Amino acid sequence: MPSSLLSAISSLPSTSYHHPIATVPSGSTKLNPYLPIPQASGSTTVLFTNPTFLPSIPSASLKRTVVQVIDAEEVTTPRASKSLSLISRSAQEAYDHSLLALRLAQDEDALVYHFIASGLGGSVQEVEDAQSWLSGDLGSPNPANGHANGETEAADELLSAYEAICLSLLKLTRRAQRSFVHRKAESSRLIVNFLPTTLEADNVIDVVLAIPAPKEKLRSSLTGVQEVIVVEGGNGKYGSGWASVVDALEGADVNIKSVLVTGNVPASELTSAIQTSAPITRLGKTATYSIPSSSVAIPSPESSYTSLLESSPTPLEILNDPSHLAANESTSPLYAFGKAVALRKERARLIELAKKILKASNTRKDVHEALSAWLLVRDEQGAANAGEKVAEVVGAGASPDEKELAQLGANGHWEKKSLWIVISNSWAVDLASSGLHHALASGLDINLLVYETAPSPFSPNAPAQPPKERKKDLALYAMNMGDVYVASVAIYADYAGVINAMREAENYSGPGLVLAYLPWGDKEDGESVSAQEKAGALERLRETKRAVSGGWWPMFRWNPSLADEKRFILDSSHIKAALSEFLDRESHLSQLTLSQPAIDPSITSSVGTELVAARKEKARKAYDALLNSLDGPGLLVLYASDGGNAEKVAKRLVGRAKMRGVGASLRVLDEIAPSIVDSLAEEKNVLILTSTAGQGEAPQNGREFYKALSKTAASDKLAETKVTVFGMGDSHYWPRPEDAGYYNKPAKDIFPKVIGLGCAELCPLGLGDDSDPDGYMTGYKPFEASLWRALGVDSVEVVEEKEETVANEHIKIASDYLRGTILEGLEDKSTGAIGASDAQLTKFHGTYMQDDRDIRESLKAQGLEPAYSFMIRVRMPAGVCTADQWLHMDRISDEHGNGTFKLTTRQTFQFHGIIKSHLKPAMQAINRGLLDTIAACGDVNRNVQCCVNPAYSKTHKAVYDFSVAVSEHLLPSTNAYHEIWLDKKKVYGDAAQDFSADHEPLYGPYYLPRKFKIAVAVPPDNAVDVFTNDVGFIAIVQNDEVIGYNVSVGGGMGVTHGNKKTYPRLGDVLGFLSPEDGCKVAESIMLVQRDYGNRADRKNARLKYTVDRLGVAKFKELVEERWGKKFAEARPYQFTSNLDKYGWHHGHDGKWHFTMFIENGRIEDSPRHQFKSGLQEIAKHHKGTFRLTANQHLILSDVATEDLEDMKRLLNKWGLDNIDHSGVRLSSSACVAFPTCGLAMAESERYLPLLIDKVEKICEEAGVRNDDLVMRMTGCPNGCARPWAAEVAFVGKAPGSYMMMLGGSHDGTRLNKPFIESATEPEILAVLKPMIKRWALERNDGERFGDWTIRAGYIKPTTHGTNFWENGFPTAQQATQAITA
């Protein structure tokens, strides 16, 4: 069909789909063959298909649907109860009949097949407003209405409707529409043509309305006719057209003949056939339309499950897998069940024959022995080999039974296959669950994998109306049968659970049903699932967590073959926890039934005490409010805030206003949305304070007001009300010039609209910009001053309380050397959290309180608290552990965590998802592994890093021992860790004892102002990025001996978005020292920071700011004063790389070391890799150590030569020896970010591999696939993955949005510089593609990407942390010029 005609037809109003035909109609959605056509609510559905795919349409239940059959060769009869068939033989007819078909389907709830001939040309006159005609009145009566009692047969009703619509279409187009076109001629022979092509003959009726045939009109065409010849396509006994003509001409004295045409037949043959006297003539070869398996597209997300199926250790066959089907086979589950029955019957027959032959008296001895051996192992792994031996000895077969046995064996039945049928809405729909019911009821050993792709009701992307069909309900149906294995699994929640379920289903001798949750599995990655989200691995992961944690998708296994108490296994940890909590609550409630309940008497007394205190506080507040309102002006502060900043500013402003005698009150902006005018009219002065969300949108708690404001009319009631507005936003959040209007849009929109209602201006509009040097405060300070002037209180002298900026310092001082109330918090079973102060103190013990942010909103919507859990970080100086310790860590992640653990950028282990009740047992388990977590986090010296490069094995022991010594020397001395986590008693008696009872010789009761980090590097290897640490020791090696260390100070990565007073910094070298002075110098540097660090502002409390504030010379002087010695001149050294060296290395001690790639340090089993299982098996055999690298990878270290081959075999078995990745992937690193990190603003670990997939393609196209390109990503600006020292880096600002940096050095000696303030993935790729191509073409020999971006003019170099922001964010014009240069 010409594209112009197809375009005209597809533009008609409808919801359209298409089979995989050659030319795809615009605006239509692809539909796999065999699938039912989706029925659109409120509109007509159209399917574009061709003769190949037409037979695959299940048409019996279709209504209100048009099937456009393109390039039709014959007309077929729809199987629906109310259906029509139209034929078009010209382009204009095809368009007009498409309109006609749409109206027929719409008005009559009918199924219309429209057959369009191939090769139609010519122009088409389209209807200007087809929608108006389709929805308007026909303007003519329906002829069927004149029948008696209004009752007609269905065919007559359709004919009447057809005539009425044709008449209306004639008025619209001035083109007549008829049921057939009669090309009359004087002849006793009438030819009725049902072919989509035109016949060159005399006296021909070209049928247009093939079904139902217009009987009366056909009879009226018989004048002078003695013979009627029906020409139609088909290869059956009779054609449907012939049958309808016979029915129409019943009783007429004419002879009716049939000519059945298949395929393209020459005109001469057709003419001869018409003239022959035979009653039935067949022309052409029998046509078969075989649907190629390649036309059935399986959504790629389903491969996450099918790849696990195909990895089965037992032979299996997916019976309806399109790639394994013959051209005439169907993907239908019911068809697949038929195949399964046949296969099982054939194998049963094979076994029956084998037993029969064994009993036969004339069976040869060798046949007898081979068959006996096969029968013993027929259902085991050796069945295929045993069967081949049977085939050898049987040969062609000495008897009919042996011949049949040999044939069945040759058909693949020697070994038992696990048979699977997949049920998927995308390509294998099970109509009315017929295939599933037959398979489960059959009792045969068949397994079904059923996908559920609907989002949970907790999802923000869930449809308003939940789907009627819920696949999870099939589990109960199957379990009620009693003999069916049933499992409900979710690969994004429990990967190992999916494998267990599939293997158990295969081992169960009976029907098996595995329900697999795959949200939006019917959509390819990148397709929209809502206005905000697109389908992809991350969104599926989040949605799975919402469904599983909310209990909507329970994970379980039901195995009828097990003992009663073991049949049902619940795998959903959240449901397990809820059930345990419920049972625990039941046991507490049972106390109430006792005559003397065992209730602590302190409870009753505390209730009364708290009530009295609450009443006093309420009375005090009421009295303060009364005093404030006596003579001061009133002020209503309305706020709208998403992140909490605007709310915080509003509350602080209300407090300041009250101190000036202003009667201030505070409300959420949306609270006045229902009555804006009345609410504002009650106030004299109003301040609206709002932040900015999304693309210039109002925050969530201000959107109702924002909508209502535009609908509110001006009113005289507001004449006495004065209003002002202050907005908070970020002018650099949207880098594109066309998006500049989003900056502070809510505030800029609200202010003029409120003034337009009739309010007076209190003071001018104020705008705070996060990109200003002081953030929003730059604009807020003058705005607040103007507000006080407008209220007449600017001259009031007020001594304001100093802002509480040192909360953490107070917590530390009052903590009794880090004890706080942690023990009491752990005992509190009413919540999964601990107190805010204790959450700060537990950091010093190596654990952070977090919550699962993927499901935070869905839990909130259900009225539940966040899914609190804890992260534990191990203290492991220099990142070295034994194989036994590795197995301990692996076990802890399974027994107490989320089944995975992380290798961090500080060379240690990190566990996530540990709930409060498991926190203490996890700490004790770590201790049993001879490791601890003290000082892994908090305002103390943290895990000391060390170079672990196997190439420097001679020096490794020296720097390793040095690192351990420094770590132990700077360890806090408090006993709190052992008391809280290891149940040791407090040495100095009661907890209320004075602080002096405990001892902190280095830290004192205040500890440090901020965290403190140390690293040791061995040039030329700088994999630890030594200059990014507060203190760096650079080993100076001579003759393979460490003679001393250069010392650097002042490195640090943390930054605050929008606050240019914060910046990353690389360390400055102070000088050289001998190894024995290392611990004392580290202590002296730490003490200077303890005494001079900024404790008033944590954002400026790191050592880097102390060094810059004092100056390097003064800082050095203070260190030397405490050390008692002077630094020697720094020794020369050179770094060449900050990356790991992958592969095998032979050390000086004769031991072997293998550096393996662990993507972003996550030890887990997933569809991409099986790091966890592989390393678990390796650790069971390994006799050496493991070394964790600062780039989140792992070194299998100290492998003896005699163990080398065994280690290589195990690495290969699990794919851990694969280092054939692109240079950019091998050089990448990412922090954890979502879902556990409370500071994350965007994805990192879960997203970076997906971004690199796309960047890799760019690198391959440019020919630099194997070139290193240091790329790092973090979810926030705190810099855990050291992004500021990478050649390319991305730092999260908001979901899907990142600040992009360029120009870092490849050896960690130069910071990068901000390039784009806020970039999304399309923008990132659009920038990187031309850059990488230019780098590949223009670089000098050995020139690295970071160096080249500076030389090419993309960015200026950052020479020091203090000029990090200078010349950053080049203008759009500058960036464009550089990119397109």
Side-chain angles (χ1 to χ4, degrees), residues 9 12-17 36-49 54 57-69 75-88 93-116 127 130-173 175-180 207-218 240 244 247-248:
I9 295 175
L12 295 173
S14 65
T15 303
S16 63
Y17 299 87
I37 304 171
Q39 301 290 279
S41 176
S43 69
T44 304
T45 304
V46 174
L47 173 68
F48 292 89
T49 187
L54 183 61
I57 299 174
S59 60
S61 60
L62 287 179
K63 296 179 179 179
R64 206 182 175 96
T65 302
V66 176
V67 178
Q68 304 275 15
V69 186
V75 176
T76 57
T77 305
R79 291 186 292 274
S81 58
K82 204 172 187 181
S83 58
L84 302 95
S85 291
L86 300 174
I87 305 173
S88 294
E93 273 188 0
Y95 178 80
D96 291 345
H97 291 166
S98 295
L99 258 178
L100 181 60
L102 284 171
R103 188 65 192 251
L104 278 165
Q106 169 190 287
D107 292 0
E108 302 300 315
D109 259 356
L111 168 63
V112 183
Y113 274 22
H114 181 201
F115 297 92
I116 305 172
V127 174
Q131 181 61 58
S132 297
W133 179 76
L134 287 169
S135 58
D137 186 35
L138 287 177
S140 58
N142 189 326
N145 294 337
H147 286 247
N149 301 322
E151 295 181 0
T152 63
E153 294 182 1
D156 293 334
E157 285 183 357
L158 290 174
L159 281 170
S160 300
Y162 178 83
E163 296 294 344
I165 294 170
C166 283
L167 182 59
S168 176
L169 194 57
L170 171 62
K171 295 176 181 178
L172 178 70
T173 65
R175 292 187 293 273
Q177 308 299 327
R178 303 181 179 89
S179 53
F180 60 77
V207 176
V208 173
L209 180 61
I211 300 169
K215 299 178 183 179
E216 296 299 326
K217 292 190 176 184
L218 279 173
S240 57
S244 62
D247 182 45

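Small disclaimer: the values here were computed from a predicted structure and weren't measured. Side chains are part of it too, since the values below use all heavy atoms of this structure and drop only hydrogens, waters and symmetry mates.
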Distance in Å, Ser179 OG paired with Glu216 CD, rounded so as to fall on 0.5 Å steps: 11.5 Å
Considering all heavy atoms, the nearest Ser88-His114 contact: OG-NE2, 2.5 Å
Separation of Ser135 OG from Arg103 CZ (nearest 0.5 Å): 7.5 Å
From CG (Leu218) to CZ (Phe180), nearest 0.5 Å: 5.0 Å
Separation between CG of Leu86 and CG of Leu100, rounded to the nearest 0.5 Å: 5.5 Å
Under 3.5 Å donor-acceptor, Gln106 side chain and Leu134 backbone: yes
Backbone N/O of Val127 and side chain of Tyr95: donor-acceptor pair under 3.5 Å: yes
Under the side-chain contact (heavy atoms from CB on, under 4.5 Å) test, residues paired with Ser240 that sit two or more places apart: Thr77, Glu232
Residues that Arg175 engages under side-chain contact (heavy atoms from CB on, under 4.5 Å), provided they are two or more places apart: Gln92, Asp96, Gln125, Thr173, Gln177
Sole candidate of Ile165, Val112, Ile9, Val66 that passes side chain to side chain contact (heavy atoms under 4.5 Å, CB included) when paired with Leu102: Val66
Positive for side chain to side chain contact (heavy atoms under 4.5 Å, CB included) with Val69, one of Leu54, Thr76, Leu47: Leu54
Distance (rounded to the nearest 0.5 Å) between Leu209 CG and Ile87 CD1: 9.0 Å
Sequence-distant partners of Thr65, side-chain hydrogen bond (donor to acceptor under 3.5 Å, both in side chains), two or more places apart: Gln39
Sequence-distant partners of Ser244, side-chain contact (heavy atoms from CB on, under 4.5 Å), two or more places apart: Phe194, Ala213
Which atom of Thr44 lies closest to which atom of Ser14, heavy atoms considered: O-CB, 3.4 Å
Contacts of type side-chain contact (heavy atoms from CB on, under 4.5 Å), residue Ala155, not counting sequence neighbours: Pro212
For Ser16, all residues meeting side-chain hydrogen bond (donor to acceptor under 3.5 Å, both in side chains), sequence neighbours excluded: none
Closest heavy-atom pair and its distance - Pro214, Leu159: CA-CD2, 4.1 Å
Validation row: Leu12, Val46 side chains within 4.5 angstrom (heavy atoms): no
Residues that Lys63 engages under salt bridge (Lys or Arg N to Asp or Glu O under 4.0 Å), provided they are two or more places apart: none
Results of side-chain hydrogen bond (donor to acceptor under 3.5 Å, both in side chains) for Asp109 - residues two or more places apart only: none
By side-chain hydrogen bond (donor to acceptor under 3.5 Å, both in side chains) - contacts of Lys82 (at least two apart): none
Point-to-point distance, once rounded to the nearest 0.5 Å, from CG of Leu170 to CZ of Arg178: 9.0 Å
